[in-house]
Amino acid sequence: MSSFFAPASDIWQHLVETTLTSLLVNTFWLVLGVASGTVLLGVSLAWFTAVCEFPGRKFFSWALLLPLAIPAYVTAFVALGLFDYTGPVQTALRAWLGSELPWFPNVRGRMGVITVMTLAFYPYVYLLARNAFLTQGRRSLEAAQSLGLNRTQGFLKVALPMARPWIAGGAMLALMETLADFGTVAVFNYDTFTTAIYKAWFGMFSLTAASQLASLLIVIVFAMIVVEQRFRSRMRYAETRQSARVNRIPLTGWRAWLLAAFASGTLFFAFLLPVTQLGIWAASVFAQDFDQRYLEFLGHSLLLSSLAALLTCSIALLMVYAARRHPDPATHAAVRIATIGYALPGAVLAVGIFVPVAWLDNWLGELAMQFFNMETGLLIQGTLFTMLIAYITRFLAVSHSPIDSAMQRITGSIDEAAMGLGLNGWAMLRRVHLPILKGGIFTAATLVFVDVMKEMPITLMTRPFGWDTLAVRIFEMTSEGAWEQAALPAVALVLAGLLPIILLVRQTEK
């Protein structure tokens, strides 16, 4: 926000005259389209898998979460590689029909971006809405039918309003990811605030203009957070008894198979098709493209992800333990503030971290010149330290949630029993709490590890010179339209992304 006190008037004049209006319009339609698409797709699939019985329901109930393992920017370049004008689909159709395809949708247009993001982010809505519908079960629908409503009316007037806070929470997660996304909109060359921040910094070389654009995006994000919190405050409708989960509605005939086809089509386009195409591309270029560089990309990604997971989980564990030992309002407020970084897009955090780091670097250089008459150069900028600070700020909430949930299982009586045996302080943490918390810590570390592997804007904007990762390699190759070369690092990211999805599925099925 401090950037507003030093406006870059010439650059802002250029932005207002050329791109600012289109940025606002593009961002508005993207948010509206992804919100509508994820809610329609996620809620419908959640309702059918939670309440109805049809062929393949048990399989689809967990398989529909698999698209979370694929970064949205990977789905984006697969969609362009397959469905663009020069792609195999349109080429084959033109050869088969012997004419142009004026009716074929433009995959590079706004609807293409919205469709790809909807397929990538609908599992957020699906997961939360399904949990809400599972707690309602068939009983709320039967109550609605006893009042004279049919099943469709019961869903629209009873089940859907009862699940509204969960649906709003899932849609908010999808919208946060949409506003934070850089790779997908860059692949489609669809300008939004995140691409404008990147171009202002690295294209116009104006950190001030990038900061001001980031501040505008923060205002939008926090307005959405306020709306989401209002919905969250009303989460008191659903029934939580396990008995409500039984007796699903059996579907037969064409309705059952139509529903199975709907779920199969969604899973095919959101997961199976991208993964299959990535495998084909990667296999076709592996022999000539795989070399020592890829080992360096993989090594850099693994090092960054491991360090970020270790530091973030250590800080989260200290925060959770501090909140347990000192459950006062000040500590609670500090924890809430510390974990709000996940709501901020990576491009915004990169700018917000870089500004004070650059100031500190300059200040240290002036001190060294004044007292020791020596030039220090850049001490902090462009180092792993800056990247890790940004990662910790962004993903602290991701690690805090599972560790905090695990800590809630440790009752006060366990602490009292440990103290009765002579354990206190760090000894209690090491010998009693950590063995109980290890499951939550492992889950948190896995989630952070994979999130950092897939994270693109922070890595692009804060990495040391020449320090490329798998995500950076994907960005460089997709920027040149080299889809096959981008497939190799993309396959590695997808395999890494499957780890937390497997953990999530195991957790939801308990």
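Quantities reported herein were computed from a predicted structural model and do not represent experimental measurements.
Between Y124 and F121, the ring-plane angle classifies as tilted under the 30° and 60° cut-offs.
Residue pairs meeting the side-chain hydrogen bond (donor to acceptor under 3.5 Å, both in side chains) criterion with at least one partner in residues 171-182, sequence neighbours excluded, are E177-Y342, D181-T184. Listed by first then second residue, pairs satisfying salt bridge (Lys or Arg N to Asp or Glu O under 4.0 Å) with a partner in residues 67-76 number zero, not counting sequence neighbours. Within the structure, side-chain hydrogen bond (donor to acceptor under 3.5 Å, both in side chains) contacts touching residues 300-317 (residues at least two apart or in different chains) do not occur.
Partners of L93 under the side-chain contact (heavy atoms from CB on, under 4.5 Å) rule, at least two apart in sequence or in another chain, are V89, W96, L101, W103, F104. By the side-chain contact (heavy atoms from CB on, under 4.5 Å) test, P464 pairs with L384, M387, W467, sequence neighbours left out. With sequence neighbours excluded, no residue forms a side chain to side chain donor-acceptor pair (under 3.5 Å) with E296.
Side-chain contact between L45 and F60: absent, with no pair of heavy atoms (C-beta onward) separated by less than 4.5 Å. A heavy-atom distance below 4.5 Å is found between the side chains of T195 and T192. For the pair R473/T469, no side-chain contact is recorded, criterion being any heavy-atom separation below 4.5 Å from C-beta on. Side-chain contact check for W257 versus F54: every heavy-atom pair is 4.5 Å or farther apart.
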Pair F182-F475, ring pair (Phe, Tyr, Trp, His ring centres under 6.0 Å): steps then yes or no: CA-CA 10 Å; F182 172 79; F475 174 76; 5.6 Å; yes
